[in-house]
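Only this structure's heavy atoms are used, side chains among them; waters, hydrogens and symmetry mates stay out. Because the structure is predicted, anything quoted here is derived from the model rather than measured. Just so we're on the same page: letters track the sequence lines, and every chain starts at 1.
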There are 2 protein chains.
Amino acid sequence: MTGLVHRGLAGQVVEMLREQILTGVLPPGSRLNEVEIARDLGISRGPLREAIGQLVSEGLLVHVPNKGAAVFAARPEDVAALFELRAALECAAARMAAHRRRPQEVIRLRKVCERSRKARETGRKLPYDLDLDFHRSLMDAAHSPRIAEQVWLVQQQVIVLRSGLTSRTTHTETSLTDHEAMAGAVAEGDADRAASLMEAHLALVETELLQTMQSEARNEEAPGAQRTGRSAP
Amino acid sequence: MTGLVHRGLAGQVVEMLREQILTGVLPPGSRLNEVEIARDLGISRGPLREAIGQLVSEGLLVHVPNKGAAVFAARPEDVAALFELRAALECAAARMAAHRRRPQEVIRLRKVCERSRKARETGRKLPYDLDLDFHRSLMDAAHSPRIAEQVWLVQQQVIVLRSGLTSRTTHTETSLTDHEAMAGAVAEGDADRAASLMEAHLALVETELLQTMQSEARNEEAPGAQRTGRSAP
DNA sequence: AAACTGATAACTGTCGACAGTTCGACGGGC
DNA sequence: GCCCGTCGAACTGTCGACAGTTATCAGTTT
């Protein structure tokens with residue numbers, strides 16, 4: 001997705017750390033110890049520092065001088081800014097997809113919706129992977145690699161954010177109907193409708209995420225566990 | 001703009017190299033020799049490599065394995081993808097500015113347009129700095145730091161692209177009236193008009209840039225100078 | 001007992017040197 | 001005369017070690 005894997009050790013380490021972050025092995029707020037990780041991977045600190053630097057520039061890690069790197073832990077205001085950017089990018093992509101759509105890509109969109117509805121009927125929750133799959137299919141239909149790349153970077157931050165939540169957002173029936181409506185708008189070539197549907201969809205997802213974050217924050221503060229990460233001078 | 005300058009030597013080197021790239025001291029296609037630059041700056045190669053890595057992730061440099069880094073040299077198709085992203089971001093920002101505008105920011109927009117018109121009357125060309133100033137004022141009015149950050153990254157690539165052209169695009173009278181119309185739309189709170197004006201404006205700028213690139217490419221191929229950068233296997 | 005101070009330890013930031021690879025030049029063979 | 005194999009220089013990729021800084025903790029003092 002990002003480029004060639006064989007651009008040195010740093011490249012491999014980037015992908016390894018990225019997976020650890022996205023899968024929640026390294027939860028938000030985790031501090032990264034350079035010597036320890038370098039020793040575990042059997043490499044030097046040079047390539048590791050380069051890998052960390054790249055992930056910092058992607059927004060998956062944050063870097064504080066003389067204290068090292070930590071997995072990005074978003075606050076509510078960060079979520080708002082994040083979804084503003086995501087809406088700008090994905091709404092534009094939805095418009096483009098409605099204009100540039102090709103039969104094959106419309107079929108793929110419909111197929112993802114169909115698989116989602118089936119999964120929704122068997123289990124109660126819609127798997128998050130299928131949600132990601134829909135949005136990525138839409139990016140493909142937009143035929144704008146540059147925008148797709150940026151959307152993927154934003155999506156990654158959302159994944160990290162979700163990995164820090166114990167109760168994952170349930171992606172309700174509403175999300176599924178949103179997807180189906182968007183697929184229809186793209187199929188018909190109605191760019192404006194696709195964009196406004198996307199905007200409403202993302203606003204809903206943002207609200208769900210914020211509510212989950214706030215409720216879990218309350219549940220966490222009650223027992224006496226201190227706030228993770230996020231230091232105030 | 002990007003963050004704290006004092007996050008080590010790498011941070012300072014990033015800013016130094018960034019200025020060299022944006023001002024055209026390092027023209028597009030230039031290869032960066034690590035040992036030479038490190039020696040000139042009086043530092044080691046470690047921080048320098050980190051700085052280069054960051055600029056690669058920003059898109060100002062490109063990196064080829066075992067061959068080092070070079071200043072990004074855009075092809076026409078890159079320009080198209082770049083302006084698709086820029087349009088997505090700046091149109092959304094224009095909409096936001098029309099919604100969230102504050103009196104002080106509207107005044108600033110008008111002031112930039114006024115200064116641009118004065119400069120346009122004295123000299124024939126509109127200084128590029130004033131164009132950048134307008135777009136940055138609009139980003140401020142949008143009150144979306146995350147989008148503003150991404151717009152700035154895209155703007156930087158456009159600046160690099162322009163630095164490789166001998167005859168800078170003249171930013172005609174049309175661009176100035178576009179700016180004034182956008183300022184008016186933002187002042188009135190007409191988000192849709194601000195967005196569509198921005199889209200048209202960027203389409204014009206893109207066309208101007210592509211024409212300049214193509215004409216200069218023809219003039220360069222005639223004398224017998226080989227194509228800079230851009231290696232095909 | 002609480003607060004301040006000093007030393008100690010751990011970690012990041014930086015450096016110089018080594019290993020591996022690629023590009024170019026030179027010489028030999030056909 | 002042209003092509004191919006080999007040698008060599010230059011550069012990137014990687015490593016281990018040193019220096020600087022910050023946090024922690026014990027000891028002392030009020």
task = Would you mind telling me which residue lines up with the more 5' stretch of DNA chain D, A/Pro47 or A/Asn66, judged by nearest nucleotide?
result = A/Pro47
message = Restricting to ring-ring contact (aromatic ring centres under 6.0 Å, His included), what partner residues turn up for B/His63, sequence neighbours left out?
response =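 So B/His63 forms no ring-ring contact (aromatic ring centres under 6.0 Å, His included) with any residue.
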By salt bridge (charged side-chain N to carboxylate O under 4.0 Å, His left out), which residues pair with [X], not counting sequence neighbours?
{"X": "A/Arg101", "value": "none"}
{"X": "A/Glu206", "value": "none"}
{"X": "A/Asp133", "value": "A/Arg108, A/Arg115"}
{"X": "B/Arg100", "value": "A/Glu84"}

query = Under 3.5 Å, side chain of B/Gln157 to main-chain N/O of B/Gly59, donor-acceptor pair present?
reply =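 Flag set: sc B/Gln157 to bb B/Gly59 pair under 3.5 Å.
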request  = Would you please name every residue forming a side chain to side chain contact (heavy atoms under 4.5 Å, CB included) with B/Ala203, sequence neighbours left out?
outcome  = none
ask   = Partners of A/Arg102 by side chain to side chain contact (heavy atoms under 4.5 Å, CB included), sequence neighbours excluded?
value = A/Glu105, A/His143
task = Under 4.0 Å between any heavy atoms, over every strand shown, what does B/Gly46 touch: base, sugar-phosphate, or nothing? Just pick one.
result =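 The answer is nothing, as B/Gly46 stays clear of every strand by at least 4.0 Å.
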ask   = Which of residues 31-43 of chain B have a heavy atom under 4.0 Å from DNA chain C?
value = B/Ile43
key: Span of DNA chain D, from the first to the last nucleotide whose atoms fall under 4.0 Å of chain A heavy atoms   = D/dT14 to D/dT21
